[in-house]
Chemist: 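Sharing a structure with you now.
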Number of protein chains: 2
Amino acid sequence: MLDRALSLDELLCFALYSANNAMGRLYRPILAQHGLTYPQYLVLVALWQRDGQKVNDLGAALTLESNTLTPLLKRMEAAELVQRRRNPEDERSVIVSLTAKGRGLQQEAAGISRCILAAAGDDVADLIDLRSKIQQLATRLNASD
Amino acid sequence: MLDRALSLDELLCFALYSANNAMGRLYRPILAQHGLTYPQYLVLVALWQRDGQKVNDLGAALTLESNTLTPLLKRMEAAELVQRRRNPEDERSVIVSLTAKGRGLQQEAAGISRCILAAAGDDVADLIDLRSKIQQLATRLNASD
DNA sequence: TGCGATTTAATCGTGTGCGATTTATTTTCA
DNA sequence: TGAAAATAAATCGCACACGATTAAATCGCA
């Protein structure tokens with residue numbers, strides 16, 4: 001089979017990389033107003049949904065491991081957004097819980113995703129469909145190891 | 001308007017973040033065999049397409065700036081993948097060119113994207129459509145600043 | 001012509017992601 | 001029971017991304 005010269009525009013991986021970077025650039029200044037980074041915001045979303053998760057639970061939700069999460073959570077603890085304490089029932093694990101401040105940000109942050117959606121496009125149904133297709137892609141990619 | 005509790009699964013940004021991380025995890029071990037990282041691979045793709053680009057040209061292609069590209073290109077230069085030299089016609093700019101080694105990797109790397117596509121899905125037409133929609137999203141996001 | 005504005009890379013600091021390893025705790029099963 | 005296996009987090013090193021700033025070269029225009 002003849003291989004044409006590869007172009008950036010043809011790479012699905014580059015489309016993802018580029019769109020994700022663009023999303024980050026959009027979120028960064030908004031989140032910075034609340035003293036948050038992008039993955040820190042995602043941790044908060046996960047905890048707003050269910051407070052008091054183990055590091056591994058958060059890792060499963062975000063597809064990250066302790067080598068990424070531990071320092072990130074320590075910074076969030078230093079910023080008084082979360083509390084980290086050993087699980088009394090199994091001292092190997094660490095429970096991450098929201099502080100009042102971390103919980104309080106939920107109200108402040110409520111408008112953020114709306115603001116991002118507005119930048120992403122005007123047809124909400126299209127965006128939901130795209131999100132679903134990207135989720136399926138991520139699932140397939142994660143299954144290939 | 002009533003705000004429901006936000007869930008990770010509902011966030012387009014998280015779908016992108018997660019899929020991009022998954023793609024990176026898939027590429028990393030393959031690219032590592034060639035001594036490459038993911039963004040380094042993207043720089044090579046851009047140079048295979050057109051050799052001898054200025055740092056700014058690469059930045060425009062990848063949507064990155066010199067604060068990211070300069071150290072990355074220096075590592076690629078140290079790995080003898082590219083050559084960096086000041087543009088004689090305008091000493092402000094730097095021309096990045098492929099070395100023989102960098103050019104040679106094009107053949108070796110030819111199978112990579114096929115290998116990734118296989119992990120991404122079996123319906124090529126679907127993947128091309130998804131890529132196109134993600135590209136459009138990136139374009140819209142980049143336009144909102 | 002010359003000097004301020006612009007353009008282009010480079011530099012610096014912070015915060016991820018992740019491979020590889022380590023440490024502490026719990027589980028398993030001989 | 002008790003030592004090996006398994007599990008959970010932490011640690012370490014490297015390579016991005018990017019905001020902010022700096023330095024050098026070129027441009028523009030009075």
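Here the structure is a predicted model, which means the values were calculated and not measured. A note on names: the letters A, B, ... follow the listed sequences, proteins ahead of strands, and every chain is numbered from 1.
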Chemist: Would you check if the side chain of B:Arg131 reaches a backbone N or O of A:Glu10 as a donor-acceptor pair within less than 3.5 Å?
Modeler: yes
Chemist: Check whether the side chain of B:Thr70 and the base of C:dA9 form a donor-acceptor pair under 3.5 Å.
Modeler: no
Chemist: Going by the rule side chain to side chain contact (heavy atoms under 4.5 Å, CB included), which residues pair with B:Ala61 if we only count those two or more places apart in sequence or in a different chain?
Modeler: A:Leu8
Chemist: Who passes side chain to side chain contact (heavy atoms under 4.5 Å, CB included) against B:Arg28, sequence neighbours left out?
Modeler: none
Chemist: From CG of A:Leu62 over to P of C:dG17, roughly how many Å is that when rounded to an integer?
Modeler: 10 Å
Chemist: Is A:Lys74 near enough to D:dT11 that one of its side-chain N or O atoms lies under 4.0 angstrom from OP1 or OP2?
Modeler: yes
Chemist: Check each residue of residues 76-93 of chain A for a non-hydrogen atom within less than 4.0 Å of any atom in DNA chain C, then write out the ones that pass by number, or none.
Modeler: A:Asp90, A:Glu91, A:Arg92
Chemist: Under a 4.0 Å N-O cut-off, is there an ion pair linking A:Asp129 with B:Lys133?
Modeler: no
Chemist: Check whether any side-chain N or O of B:Lys54 sits under 4.0 Å from OP1 or OP2 of C:dT7, and answer yes or no.
Modeler: no
Chemist: Of all of residues 27-47 of chain A, which get a heavy atom below 4.0 angstrom from DNA chain C, listed by number?
Modeler: A:Thr37, A:Pro39, A:Gln40
Chemist: Going by side-chain hydrogen bond (donor to acceptor under 3.5 Å, both in side chains), name the residues that satisfy it together with A:Lys54, two or more places apart in sequence or in a different chain.
Modeler: none
Chemist: Can you list, pair by pair, the side-chain donor-acceptor contacts under 3.5 Å of residues 62-74 of chain A, counting residues two or more places apart and other chains?
Modeler:
from	atom 1	to	atom 2	distance (Å)
A:Thr70	OG1	A:Ser66	O	3.0

Chemist: A:Tyr38: what forms a ring pair (Phe, Tyr, Trp, His ring centres under 6.0 Å) with it, not counting sequence neighbours?
Modeler: A:Tyr27, B:Tyr17
Chemist: Please give, in whole Å, the distance from D:dC14 C1' to B:Arg75 CZ?
Modeler: 8 Å
Chemist: Looking at C:dT8, I'd like to know if its phosphate oxygens (OP1 or OP2) sit under 4.0 Å from a side-chain N or O belonging to B:Asn56.
Modeler: yes
Chemist: With sequence neighbours excluded, tell me which residues meet side-chain hydrogen bond (donor to acceptor under 3.5 Å, both in side chains) with A:Ser132.
Modeler: A:Gln136
Chemist: Expressed in angstrom and rounded to an integer, what is the separation of B:Leu73 atom CG from C:dA10 atom P?
Modeler: 8 Å
Chemist: Considering only heavy atoms from C-beta outward, does the side chain of A:Gln106 approach that of A:Leu44 to under 4.5 Å?
Modeler: no
Chemist: Test your reading of the model: is there a side-chain donor-acceptor pair from B:Gln135 to the backbone of A:Asp9, 3.5 Å cut-off?
Modeler: yes
Chemist: Measure the distance from CG on A:Leu64 to P on D:dA9 and round it to the nearest whole Å.
Modeler: 13 Å
Chemist: Anything below 3.5 Å on both distances counts as a pair; with that, list the stems of at least three consecutive Watson-Crick or G-U pairs involving DNA chain D.
Modeler: C:1-30 with D:1-30
Chemist: Rounded to whole angstroms, how far apart are CD on B:Glu65 and P on D:dT21?
Modeler: 14 Å
Chemist: Among all residues two or more places apart in sequence or in another chain, which pass the side-chain hydrogen bond (donor to acceptor under 3.5 Å, both in side chains) test with A:Glu108?
Modeler: A:His34
Chemist: Is the number of heavy atoms from other residues, nucleotides or ligands within 6.0 Å of CG (A:Asp123) greater than 12?
Modeler: yes
Chemist: Report the distance from atom CG of B:Leu26 to atom C1' of C:dC18, rounded to the nearest whole Å.
Modeler: 14 Å
Chemist: State which residues pass side-chain hydrogen bond (donor to acceptor under 3.5 Å, both in side chains) with B:Asp57; sequence neighbours excluded, sorted by chain then number.
Modeler: none
Chemist: Keeping A:Glu80 on the side-chain end and A:Lys101 on the backbone end, is there a donor-acceptor pair under 3.5 Å?
Modeler: no
Chemist: Could you check which residues of residues 15-25 of chain A get a heavy atom under 4.0 Å from DNA chain D? Sort them by number, please.
Modeler: A:Tyr17, A:Asn21, A:Arg25
Chemist: Nearest nucleotide by nearest heavy atom, which residue falls closer to the 5' end of DNA chain D, B:Asn67 or A:Pro71?
Modeler: A:Pro71
